[in-house]
Enquirer: 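Just dropping this structure here.
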Number of protein chains: 2
Amino acid sequence: MPKRVDHEQRRRQIGEALLRIASTRGLQSATMREVAAEAGVSLRLVQYYFHTKEQLLLAALAYLAEQLTERVSASIRALGPVTARTIVYGTLTAVLPTDEESVRLTRAYTGFYTLLFSSEAEMATRHGATYPDKLESLLATHIAAAQEAGEVAADVDPALTAAALLALTNGLGSSVLGGQRDGATARRILDDQLGRLFHVNDANSDEGLVRRDE
Amino acid sequence: MPKRVDHEQRRRQIGEALLRIASTRGLQSATMREVAAEAGVSLRLVQYYFHTKEQLLLAALAYLAEQLTERVSASIRALGPVTARTIVYGTLTAVLPTDEESVRLTRAYTGFYTLLFSSEAEMATRHGATYPDKLESLLATHIAAAQEAGEVAADVDPALTAAALLALTNGLGSSVLGGQRDGATARRILDDQLGRLFHVNDANSDEGLVRRDE
DNA sequence: CGCTTGATGATACGCTCGTATCACAATCGA
DNA sequence: TCGATTGTGATACGAGCGTATCATCAAGCG
């Protein structure tokens, strides 16, 4: 059988298998043997394409980040014209575990993030923390833009608010994954906060403003 | 040596040892042998007082909840007269990992919460989720009270807001534990949101209001 | 006093994990 | 054509885990 084979494709096949396990049985169940079985290959092959488990995890994390990024931009596009507001909405709702795909992604991501907490290997100079950092500054930028446009109150600190929104979304995600509430409820909580942040810019009162529901 | 010994004290000694490990090396390092060593007893003793590891974890979780509750009420008391506002502030800032003790507690708690995500044993009818639920309804009650007193805008939904604040705090805690930012910054983000929620009830404008820093 | 019983130590068992080793088949360059 | 290289299988190894077993030592009770 040993035809010359496409390494990248094989690695992807195995990496995806790991992600599938991570989002169903949890990352701690993603043992070498389990991944091999899920990918339909032998244990030896997993070792062959990823010399060590850490390399496998790292590659899978990269694939996951890829999918996550793709979902975020798809979510933004789906909201119509690209404005600061749609970017913020799209980004945050994309990473909230509401439908099947986002549950999958969030579960897997949480697994990796959890690994970060107590890995002596430091997960390759904590790659995990750079992703949220980028998201945060991106959000801050667009909140500031919305502020310029008068969609957001002037006394709002974009950086602090971006951090808060992201932390809120992560916290909501955890509560959904932990079974404390369902995705729809989490979505409602997030929408409430977002609606409170993005209000119309005409009036003097901050009460009775337009409530957004999508 | 076999004097008649106080079981509850021994169990506590061992349970605290587990918590100590959970908040330093992480819960996944809390093996039976490690706990025994940390507690300064033999492996056999750990087995003697807790027939199985799950029982040990459950007991330790109970101790942790105890300490957490104690810290929350201490934090509320430290804020002076007990009002709806001090309760909300005190509760949320107590569980945010800012000082050494809260880092310890939060780390340990996160470990257990993480275990919840993917334990087939379901951690004894998911005891973990009841605690946040109680906190949430408690917060909602006091936000509603503050609303009655005019300290909170009338269009705020107490339940949604309580959930959001708790999720925000949890998310911030995760980011601190994950090394994304330090406790002081997290505290600033939380304070910003709380200050925005509890505003003075006299004026017409929502800009330039009193910024709380403690 | 003696004997049951509570408390403790030493050690073993079975399992799973990541990783390593050895053998071998298919392919390709010369 | 043939040897070197690439891909794959079967299996072993050592460590760490939760748990179990067996023996023993000090009390308390009759």
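Residue numbers begin at 1 in each chain, while the letters A, B, ... track the order of the sequences. Every heavy atom of this structure was used, including side-chain atoms; hydrogens, water molecules and symmetry mates were not.
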Enquirer: Nearest whole angstrom, please: distance from the P of dC17(D) to the CD of E54(B).
Expert: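 Going from CD in E54(B) over to P in dC17(D) covers 19 Å.
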Enquirer: Can R10(A) and E16(A) be counted as an ion pair, charged N to O under 4.0 angstrom?
Expert: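 No, no charged N to carboxylate O under 4.0 Å.
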Enquirer: Can you give the donor-acceptor pairs under 3.5 Å from side chains of residues 158-167 of chain B to other protein atoms, not counting sequence neighbours?
Expert:
{"from": "T161(B)", "atom 1": "OG1", "to": "D157(B)", "atom 2": "O", "distance (Å)": "2.7"}

Enquirer: Below 3.5 Å between N/O atoms, which protein atoms pair up with nucleotides 22-24 of chain D? Just atom names and distances, please.
Expert:
none

Enquirer: Which residues in residues 45-53 of chain A have at least one heavy atom lying under 4.0 Å from any atom of DNA chain C?
Expert: Q47(A), T52(A), K53(A)
Enquirer: State plainly whether the residues E34(A) and R20(A) are in salt-bridge range, i.e. N to O under 4.0 Å.
Expert: no
Enquirer: Might you confirm whether atom CD of E100(B) has over 12 heavy atoms from other residues, nucleotides or ligands at distances under 6.0 Å?
Expert: no
Enquirer: Is it true that D133(A) and T130(A) share a donor-acceptor pair across their side chains at a distance under 3.5 Å?
Expert: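 No.
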Enquirer: Looking at DNA chain D, which of residues 32-40 of chain A put a heavy atom within less than 4.0 Å of it?
Expert: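 Hits under 4.0 Å, by residue number: R33(A).
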Enquirer: What is the distance, rounded to the nearest whole Å, between atom CD1 of I14(B) and atom C1' of dG18(D)?
Expert: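 So the two atoms are 16 Å apart, to the nearest Å.
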Enquirer: Report the distance from atom CG of L43(B) to atom P of dT21(D), rounded to the nearest whole Å.
Expert: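 Roughly 15 Å, once rounded to whole Å.
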Enquirer: Take the protein atom CD of E8(A) and the nucleotide atom P of dG7(D), then report the distance between them rounded to whole Å.
Expert: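 Interatomic distance, CD of E8(A) to P of dG7(D): 14 Å.
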Enquirer: Sequence neighbours left out, what passes salt bridge (charged side-chain N to carboxylate O under 4.0 Å, His left out) with E136(A)? Give chain and number order.
Expert: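 Listed in chain order: R181(B).
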Enquirer: Can you tell whether the side chains of R12(B) and E66(B) come within less than 4.0 Å, N to carboxylate O?
Expert: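 Salt bridge present between R12(B) and E66(B).
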Enquirer: In chain order, what residues pass the side chain to side chain contact (heavy atoms under 4.5 Å, CB included) check against A60(B), with sequence neighbours excluded?
Expert: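 With neighbours one apart ignored, the set is L18(B), L19(B), F112(B).
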Enquirer: Quickly work out the L27(A) CG to dC17(C) P distance and round it to whole Å.
Expert: 13 Å
Enquirer: Hey, is D192(B) close enough to R188(B) for a salt bridge, meaning N to O under 4.0 Å?
Expert: no
Enquirer: State whether D99(B) and R187(B) are salt-bridged, where the test is any N-O pair (Lys NZ or Arg NE/NH1/NH2 against Asp/Glu carboxylate O) under 4.0 Å.
Expert: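 Looking at R187(B) together with D99(B), the answer is no, because their closest N to O distance does not fall below 4.0 Å.
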Enquirer: Rounding to a whole Å, what distance do you find between L57(A):CG and dC17(C):C1'?
Expert: 14 Å
Enquirer: Look at the side-chain N and O atoms of S42(B) and state whether any lies under 4.0 Å from the OP1 or OP2 oxygen of dA10(C).
Expert: no
Enquirer: Are more than 12 heavy atoms from other residues, nucleotides or ligands located less than 6.0 Å from atom NE2 of H7(A)?
Expert: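 More than 12 heavy atoms, drawn from other residues, nucleotides or ligands, come within 6.0 Å of this atom.
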